[in-house]
Amino acid sequence: FFDRRRHQLPAHLTHYIDNAVRQSYLRQFTPRDHALAVDGACIVPNLSTRTETSPSRSHKPTSSHPAEVILRENLHGGSCWTLPASHGQVGIRLPHVIHPSSVTIDHLPKEILQDIGQAPRRMRLWGTLDGDVNAQLYGEALDQLHEGPPITEGYTFIHLADFEYDVYADHPIQTFPVQAHVYEKRLHIGVFVIELLDNWGSQETCLYRLRIHGDLV
């Protein structure tokens, strides 16, 4: 029916409907999301930028939505975690340990965004290397890992991925792989940090949903 009538619809409306159909298709084949709050995933406040996720923040938060919204299946307009800057980080603890393989960023379609500049742009994924298994995999090289996100809280981190979310792409749900040499090590990771390096031009950054994929240990 839609194919027969699509020539009668405005171009922007057919584009939006086509995009919605594609996203429905993609959701059926996206790998399992281990970072769902309903399954037990949670925000790690001491590994997160001090907005409303931190009890030490004394003044009014910039967003009425806590960071936990990024772990929910909810992309309603405005239901995002808003950072009052273009750079920040948020820590996520999974309900179980995985061998990480990829990360997915969900955002609203560009056609309905009020401020396209709030979309995150360049991001970095970190994983914590606690546990005896990771120590055995890395051996003495573990002591040489000194990099990490701005907030580390004493954790040892490994750099999992650098990627760029394209707000102008046709698909607002975009998946990015971890670095191949990291995936091949089959590390055991249960705590992750997503570091937002910049956005698409706004003074605030809006993160709607983050998914973390991988194989169960």
Just so I know, are the side chains of [X] and [Y] near enough to count as touching, which here means a heavy-atom distance under 4.5 Å?
X    : Y    : value
T49  : E195 : no
Y168 : I116 : yes
F157 : L47  : yes
W200 : T205 : no
T175 : R211 : no
T104 : D33  : no
N134 : I158 : no
P150 : Q89  : yes

Looking only at heavy atoms, which two atoms of [X] and [Y] are closest? And how far apart?
X    : Y    : result
P120 : C206 : CD-O, 3.4 Å
V178 : P100 : CG2-O, 3.6 Å
P177 : A161 : O-CB, 3.6 Å
A41  : A35  : CB-C, 3.5 Å

Does [X] share a hydrophobic cluster with [Y], counting links as ILVMFWY side-chain heavy atoms below 4.5 Å and allowing steps through other members?
X    : Y    : value
L196 : I151 : no
L216 : L36  : no
Y208 : Y165 : yes
L113 : L210 : yes
V44  : V97  : no

Determine whether a donor-acceptor pair (N or O, by modelled atom type, separation under 3.5 Å) exists between the side chain of [X] and the backbone of [Y].
X    : Y    : answer
D198 : R122 : yes
S48  : G91  : yes
H34  : G214 : yes

Begin from the C-alpha positions of Y183 and D215 and carry the test side-chain hydrogen bond (donor to acceptor under 3.5 Å, both in side chains) through to its verdict. CA-CA 10 Å; Y183 178 73; D215 306 319; 3.2 Å; yes
Evaluate side chain to side chain contact (heavy atoms under 4.5 Å, CB included) for H188 paired with H99, printing each intermediate quantity in order. CA-CA 6 Å; H188 292 199; H99 305 301; 3.3 Å; yes
Does CZ belonging to R93 count more than 12 external heavy atoms closer than 6.0 Å? no
Does a sphere of radius 6.0 Å around CD in Q179 hold more than 12 heavy atoms from other residues, nucleotides or ligands, not counting ones at 6.0 Å or beyond? yes
Does the side chain to side chain contact (heavy atoms under 4.5 Å, CB included) test come out yes or no for Q174 and I105, once each step is laid out? CA-CA 6 Å; Q174 299 171 25; I105 300 297; 5.5 Å; no
Test log, rule side chain to side chain contact (heavy atoms under 4.5 Å, CB included), inputs I194 and I92: CA-CA 8 Å; I194 184 74; I92 302 104; 4.2 Å; yes
Just do the side chain to side chain contact (heavy atoms under 4.5 Å, CB included) check on L207 and L83 with the steps written out, would you? CA-CA 8 Å; L207 185 62; L83 284 168; over 6 Å; no
By side chain to side chain donor-acceptor pair (under 3.5 Å), E164 pairs with (sequence neighbours left out) R121
[atom1] of [X] to [atom2] of [Y]: how many Å apart, nearest 0.5 Å?
X    : Y    : atom1 : atom2 : answer
K110 : H171 : NZ    : NE2   : 9.5 Å
S101 : R186 : OG    : CZ    : 8.5 Å
L125 : S102 : CG    : OG    : 9.5 Å

State which residues pass ring pair (Phe, Tyr, Trp, His ring centres under 6.0 Å) with F176; sequence neighbours excluded, sorted by chain then number. F163
